[in-house]
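The structure under discussion appears below in the form of structure tokens.
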Amino acid sequence: MSFLRRRSAATPAGPDFDVLAMDPGDWPGNLGAGLLPAPDGSCQGVFLRYDLFGGRGPAMIIGNLPEGSPAREVAEGEIPFEVGQLLVALENDEQVYVTGIEDTPVMQGDNLLIVRRLKLSESRISCVQFDRSDNVLVTIASWDRPITDDLYALLKPLPAELFQQG
């Protein structure tokens, strides 16, 4: 995905990489964004929480974790950070683990993505991951709705202003 690249700014207001997600204007529910800070103040990842259930919990979490982010390091069988955040937001304390992984080729515009579909012990959670050309790992975790290939057409870099502190 050649349009994705690290941002070059002297003092970024948020992450120093483009965040790939759905535009908040395209989503009819509430949106929340979280930054994962490192001790040195750099951004170790961004996750966006899309709430379609009117405040009763998120429908989807999309995470963007750059290379070197500790949140990317999970042991075999453990759930991704975004799935954990989805479970916390839903106040679901059930023990969930990865039962299998399937690689699937998907087109996004002119770009071919190799999407990893994670099969989880909690069947109401759908989870996919793919690596971008700038080595940022995108993870999408969805509650009680499947992740279909047409979702990838909705993903685009969000404007940096969305992550400025005000």
Side-chain angles (χ1 to χ4, degrees), residues 1-24 31-50 58 60-90 95-122 125-143 147 151-166:
M1 297 183 358
S2 57
F3 64 90
L4 295 172
R5 73 267 178 249
R6 286 202 172 271
R7 291 189 179 133
S8 57
T11 54
D16 66 344
F17 53 90
D18 285 327
V19 175
L20 187 65
M22 293 185 301
D23 188 308
L31 172 73
L35 302 178
L36 301 172
D40 67 358
S42 64
C43 181
Q44 293 295 303
V46 173
F47 63 97
L48 291 105
R49 177 177 142 169
Y50 296 90
M60 185 179 301
I61 291 185
I62 300 178
N64 288 251
L65 302 175
E67 194 171 30
S69 174
R72 287 176 69 150
E73 299 170 17
V74 294
E76 188 174 328
E78 286 187 16
I79 57 173
F81 170 80
E82 295 80 1
V83 173
Q85 290 298 305
L86 185 64
L87 290 168
V88 167
L90 293 167
Q95 183 67 30
V96 177
Y97 52 90
V98 177
T99 61
I101 298 174
E102 177 183 298
D103 288 342
T104 308
V106 173
M107 291 301 292
Q108 186 198 31
D110 294 335
N111 300 300
L112 176 66
L113 302 176
I114 302 301
V115 174
R116 290 180 297 282
R117 293 189 181 278
L118 281 66
K119 296 177 185 175
L120 303 170
S121 58
E122 169 53 81
I125 299 175
S126 298
C127 183
V128 297
Q129 296 181 312
F130 60 89
D131 293 304
R132 298 185 343 205
S133 60
D134 61 353
N135 296 320
V136 171
L137 175 66
V138 175
T139 302
I140 304 170
S142 175
W143 177 256
I147 298 172
L151 172 67
Y152 305 108
L154 299 174
L155 300 177
K156 55 188 144 195
L158 297 180
E161 300 80 50
L162 185 66
F163 302 102
Q164 289 179 346
Q165 294 181 347

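Of all heavy-atom pairs spanning L48 and A21, the tightest one is CD1-CB, 3.9 Å. Taking all atoms of both residues into account, the shortest heavy-atom contact from P15 to V46 is CG-CG2, 3.7 Å. Among all heavy-atom pairs drawn from I147 and I140, the shortest one is CD1-O, 3.5 Å. Taking both residues in full, the closest heavy atoms of A71 and L36 are given as CB-CD1, 4.1 Å, listed atom of the first, atom of the second, then distance.
Judged by distance alone, the side chain of R132 and the main-chain N or O of L137 form no donor-acceptor pair under 3.5 Å. A distance-only check finds a donor-acceptor pair linking the side chain of N64 to the backbone of L20 [under 3.5 Å]. Checked by atom type and distance alone, the side chain of S121 pairs as donor or acceptor with a backbone atom of Y97 at under 3.5 Å. Y50 places no side-chain N or O within donor-acceptor distance of the main-chain N or O of I62, the cut-off being under 3.5 Å. Put simply, the side chain of R117 never gets that close to the backbone of G100: no donor and acceptor are under 3.5 Å apart. Of the possible polar contacts, none joining the S142 side chain to the M60 backbone as a donor-acceptor pair under 3.5 Å is found.
Residues meeting the side chain to side chain donor-acceptor pair (under 3.5 Å) test with D40, sequence neighbours left out: S42. For E73, there are no salt bridge (Lys or Arg N to Asp or Glu O under 4.0 Å) partners at least two apart in sequence or on another chain.
When side chains are defined from C-beta on, L65 does not count as touching Q44, because their heavy atoms never get closer than 4.5 Å.
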Show your reasoning for whether side-chain contact (heavy atoms from CB on, under 4.5 Å) applies to F130 and I114. CA-CA 6 Å; F130 60 89; I114 302 301; over 6 Å; no
When you look at L113 and M107, which way does the side-chain contact (heavy atoms from CB on, under 4.5 Å) test go after all the steps? CA-CA 6 Å; L113 302 176; M107 291 301 292; over 6 Å; no
Under the salt bridge (Lys or Arg N to Asp or Glu O under 4.0 Å) rule, what do K119 and E102 come out as? Steps first, then yes or no, please. CA-CA 8 Å; K119 296 177 185 175; E102 177 183 298; 3.6 Å; yes
Y152 vs V115, side-chain contact (heavy atoms from CB on, under 4.5 Å): CA-CA, chis, key distance, verdict: CA-CA 10 Å; Y152 305 108; V115 174; 3.3 Å; yes
Run the side-chain contact (heavy atoms from CB on, under 4.5 Å) test on F17 and C43 for me, step by step, so that the C-alpha distance in whole Å, both residues' side-chain angles and the decisive distance to 0.1 Å come before the verdict. CA-CA 9 Å; F17 53 90; C43 181; 4.3 Å; yes
Is there a salt bridge (Lys or Arg N to Asp or Glu O under 4.0 Å) between R72 and D131? Walk through the geometry before answering. CA-CA 12 Å; R72 287 176 69 150; D131 293 304; 3.7 Å; yes
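In D103, the CG atom is crowded: over 12 heavy atoms of neighbouring residues, nucleotides or ligands sit closer than 6.0 Å.
Distance CD1/I61 to CZ/R49: 6.5 Å, rounded to 0.5 Å. To the nearest 0.5 angstrom, S69 atom OG is 13.0 Å from N135 atom CG. Distance CG/L118 to OG1/T139: 8.0 Å, rounded to 0.5 Å.
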Atom pairs and distances, donor-acceptor, side-chain atoms in residues 74-87, under 3.5 Å, two or more places apart:
none

